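Beneath this line is the structure, given in structure tokens, with notes to follow.
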Protein chains: 2
Amino acid sequence: MAKRKAISIKDVARESQASLTTVSLVLNRRARRISQATKDRVQETADRLGYRPSRLAQGLQAQRAGFLGILVPEIKHAFADVYFGEIISAIHDHASEVGWKIILEVAHPDYIQAGQHVELFDRHFIDGLLCLGVTDKDAFMRDFEDQARTVVVVNNYLPDCELDHVICDYRRAGRLAGRHLLDLGHRKIGLIRGASEVQTTWDLQRGLNEELAAHDGSLPDAQVEDGLYTEEGGAAAAIALLERNADLTAILAGNDKMAIGAISSLKQAGHRVPDDISVIGCDDLHQGAFCDPPLTTIHTPIYEVGQRACRVLLELIEGKVESARETLPVSLTVRKSTSPRKDADTGT
Amino acid sequence: MAKRKAISIKDVARESQASLTTVSLVLNRRARRISQATKDRVQETADRLGYRPSRLAQGLQAQRAGFLGILVPEIKHAFADVYFGEIISAIHDHASEVGWKIILEVAHPDYIQAGQHVELFDRHFIDGLLCLGVTDKDAFMRDFEDQARTVVVVNNYLPDCELDHVICDYRRAGRLAGRHLLDLGHRKIGLIRGASEVQTTWDLQRGLNEELAAHDGSLPDAQVEDGLYTEEGGAAAAIALLERNADLTAILAGNDKMAIGAISSLKQAGHRVPDDISVIGCDDLHQGAFCDPPLTTIHTPIYEVGQRACRVLLELIEGKVESARETLPVSLTVRKSTSPRKDADTGT
DNA sequence: TAACCTTAGTAAAAGGTTTTACTAGTAGCT
DNA sequence: AGCTACTAGTAAAACCTTTTACTAAGGTTA
């Protein structure tokens with residue numbers, strides 16, 4: 001119980017017969033005007049006493065928190081989401097490498113209502129914030145357009161918004177997926193989008209559309225369904241798509257979770273994957289390799305996105321850069337959930 | 001750029017013609033000796049100026065950080081792990097409800113080597129720490145036996161160790177799984193453990209053993225294999241078990257990830273699940289419901305474990321309690337990955 | 001010798017809050 | 001008038017660092 005009092009710089013000063021100033025200078029390697037003898041004496045005393053500077057006092061003095069925040073949307077058990085988790089890992093890894101700590105926040109409606117997202121900055125909890133899973137509907141993001149609140153949006157962006165961001169090339173993801181399915185002979189393709197209030201899902205749709213159009217195909221609205229980025233949503237969306245389009249032979253899902261949900265419900269409904277219908281995801285989550293069948297997907301470098309976003313945020317905080325937008329390349333990962341169309345008239 | 005200076009309590013004092021003390025007392029509702037008129041004037045001024053107290057100054061004064069830490073083991077992309085993620089969500093939810101923030105730390109060897117886990121406390125980064133995924137090999141945990149460093153071990157415990165913990169009843173989990181498989185007619189059962197340096201995995205084994213013994217069965221070493229809690233490990237362990245015991249008809253895996261890996265490799269090797277071999281997991285992760293076949297598993301209330309652990313930690317910090325150990329009950333969730341033994345001589 | 005420079009170091013302010021101990025003024029009582 | 005009791009409020013210390021501006025002592029130069 002007896003929380004023995006922590007030793008402060010004062011204790012070191014008294015014990016080493018030097019002034020506060022001298023101790024501080026020595027310990028921060030800023031002691032150009034101090035004799036070697038004194039330096040040694042101070043350092044030895046600090047080591048012996050086990051002195052550790054209080055970061056509260058340091059932060060107060062320097063007027064900086066030394067923390068970065070990560071804001072995730074309010075979904076059930078947000079941190080149990082593999083996609084967010086991967087980004088959080090990336091941010092943590094980069095941040096801790098350069099001596100920053102990270103705190104976790106969830107954009108619960110009450111939280112926003114109370115203005116806590118703003119207090120994060122105003123009360124010196126953090127020096128910068130990374131926003132994950134942001135959608136067009138998150139009006140509170142406008143509060144971050146204030147210069148004093150440094151924010152980077154991770155793997156999405158907002159329309160008509162000055163906030164910096166780092167994203168994957170979802171338009172190219174759409175094209176790659178479309179190309180892959182076209183190459184396999186598929187012509188009638190369904191799209192399970194995330195949600196219409198997410199800009200990158202439109203990019204994906206645009207990319208798929210462009211690729212189809214280049215081969216005289218198209219993507220009518222009836223072949224598009226929102227799956228809300230969840231397994232359940234993907235499962236329902238796949239069934240809905242097939243009900244409206246019995247002759248669909250392939251589906252692109254906006255993320256791997258929806259693809260896995262889709263495969264699950266398709267199999268349950270008696271369709272074989274990929275023999276009757278091919279499914280391609282987008283993310284390349286680890287678990288995709290352990291599905292049955294293992295999931296073909298567009299690899300999006302979300303770990304790198306997290307790292308870059310963190311780096312960019314730090315550059316903004318340190319004033320090294322005024323603003324930054326980055327787009328990272330994607331690639332195709334072929335496994336077993338896609339195959340050539342069975343009754344293909346692969347002609348031309 | 002121009003970070004306009006934040007307004008401090010001093011500004012409110014000047015602007016409202018009151019002293020620092022008065023402002024502080026009013027704003028903290030401790031102003032029993034202040035006239036209503038002054039209270040109103042101060043409050044109004046504070047609101048008008050948008051005053052927000054600096055938590056660095058508050059923390060310095062109160063000698064507390066206001067943060068809790070979460071320490072996870074160094075595995076690749078630790079936060080992308082659904083199991084840890086669920087616990088982190090639980091901790092976050094409880095902590096933020098009662099006004100605490102949480103920071104994330106990874107027990108990287110260099111990190112431990114540098115003593116950063118201890119600095120967390122000594123430099124006032126946190127007031128308490130929750131340790132996830134701890135094993136017997138984590139010698140650094142001994143550093144937390146110091147009274148001044150309040151720690152709770154989450155969902156595991158250490159042998160001969162005074163640290164507080166909250167866990168699930170893994171012994172009972174072993175018994176429930178054993179009972180379920182025995183009821184289905186299985187007699188030769190394999191166990192994929194996590195790792196031998198984890199106490200709870202021994203509890204699970206002990207539970208299974210007890211249940212088998214109660215039915216004149218046993219669990220020879222040849223029927224036990226470590227799967228390191230990963231999909232890959234579970235996949236390899238399942239194959240190894242079958243190679244050593246061709247007549248195995250059921251497998252219990254120490255967590256759902258290993259169960260999913262096991263099912264994947266079993267199917268790849270031509271075994272049908274559950275027709276040829278039943279597989280039961282332990283965790284009840286969300287994704288278990290979307291496997292093929294959907295996973296039968298022991299439901300462990302890890303969300304509740306996280307919440308309880310956080311609550312216990314706060315009680316320890318506030319000195320409301322001296323020490324605490326809790327064990328939470330588990331239950332069986334039956335899905336489709338287990339079925340009656342085909343050639344069962346179910347006779348007693 | 002006066003003026004200046006260098007070395008080795010320190011006092012004090014600043015950063016923002018909470019809290020303890022105090023004061024000035026008024027009212028009530030004898 | 002003298003004493004106590006209360007009201008409304010404040011000055012100053014404490015929490016711990018960093019940094020600016022200063023000093024004392026000794027040495028060098030014109």
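Residue numbering restarts at 1 for every chain, and letters A, B, ... go by the order of the sequence lines. Treat the numbers as computed from the prediction; the structure is a model and nothing was measured.
The interatomic distance linking Leu60(A) (CG) with dT17(C) (P) rounds to 9 Å, in whole Å. Taking atom CZ on Arg55(B) and atom C1' on dC15(D), their separation rounds to 15 Å, with Å as the unit. Distance Gln58(A) CD to dG16(C) P: 17 Å, rounded to the nearest Å. The separation between Arg41(A) atom CZ and dG9(C) atom C1' is 11 Å, rounded to whole Å. One atom, CG of Asp40(A), and another, P of dA8(C), lie 13 Å apart when rounded to the nearest Å. Distance, Arg14(B) CZ to dT10(D) P: 15 Å, rounded to whole Å. Atom NE2 of His124(B) and atom C1' of dC16(D) are 9 Å apart (whole Å). Rounding to whole angstrom units, CG of residue Leu56(B) and P of dT17(C) are separated by 10 Å.
Two residues are said to be in side-chain contact when any heavy atoms from C-beta on lie closer than 4.5 Å; Asp93(A) and Tyr303(A) meet this criterion. Counting heavy atoms from C-beta outward, Phe67(B) and Asp127(B) have side chains that stay 4.5 Å or more apart. Between Tyr111(A) and Leu71(A) there is a side-chain heavy-atom pair separated by less than 4.5 Å.
Residue Ser24(B) has no polar side-chain atom (N or O) positioned under 4.0 Å from OP1 or OP2 of dT17(C). Phosphate proximity of dT10(D) to Ser19(B): present, with a side-chain N or O under 4.0 Å from OP1 or OP2. Distances shorter than 4.0 Å separate none of the side-chain N or O atoms of Gln61(A) from OP1 or OP2 on dA14(C). OP1 or OP2 of dG9(D) has at least one side-chain nitrogen or oxygen of Thr38(B) nearer than 4.0 Å. In this structure, Arg30(B) does not reach the dT18(C) phosphate: none of its side-chain N or O atoms is under 4.0 Å from OP1 or OP2.
Closest contact between the side chain of Ser35(A) and the listed nucleotides dT18(C), dA8(C), dA11(C) involves dA8(C). Closest to the Thr22(A) side chain, of the nucleotides dT10(D), dG9(C), dT17(C), is dG9(C). Closest to the Ile9(B) side chain, of the nucleotides dA11(D), dT18(C), dT19(D), is dT18(C). Considering only the side chain of Gln63(B), dC16(D) comes nearest among dC16(D), dT10(D), dG15(C). Minimum atom distance to the side chain of Pro53(B) is reached by dT17(C), of the listed dT17(C), dA8(D), dG9(C).
Toward the 5' end of DNA chain D, the nearer of the two residues Leu25(A) and Ala62(B), judged by each one's closest nucleotide, is Ala62(B).
A donor-acceptor contact under 3.5 Å links the side chain of Thr21(A) to the base of dA11(C).
Among the heavy atoms of the strands lying under 4.0 Å from Arg52(B) are primed sugar atoms or P, OP1, OP2 only; no base atom is included.
The pair Arg142(B)-Glu145(B) meets the salt-bridge criterion, since a charged nitrogen lies less than 4.0 angstrom from a carboxylate oxygen. A salt bridge does not link Arg308(B) with Glu304(B): none of the charged nitrogens is closer than 4.0 Å to a carboxylate oxygen.
Here the straight-line distance linking atom NZ of Lys39(B) with atom OG of Ser35(B) works out to 8.5 Å at 0.5 Å rounding.
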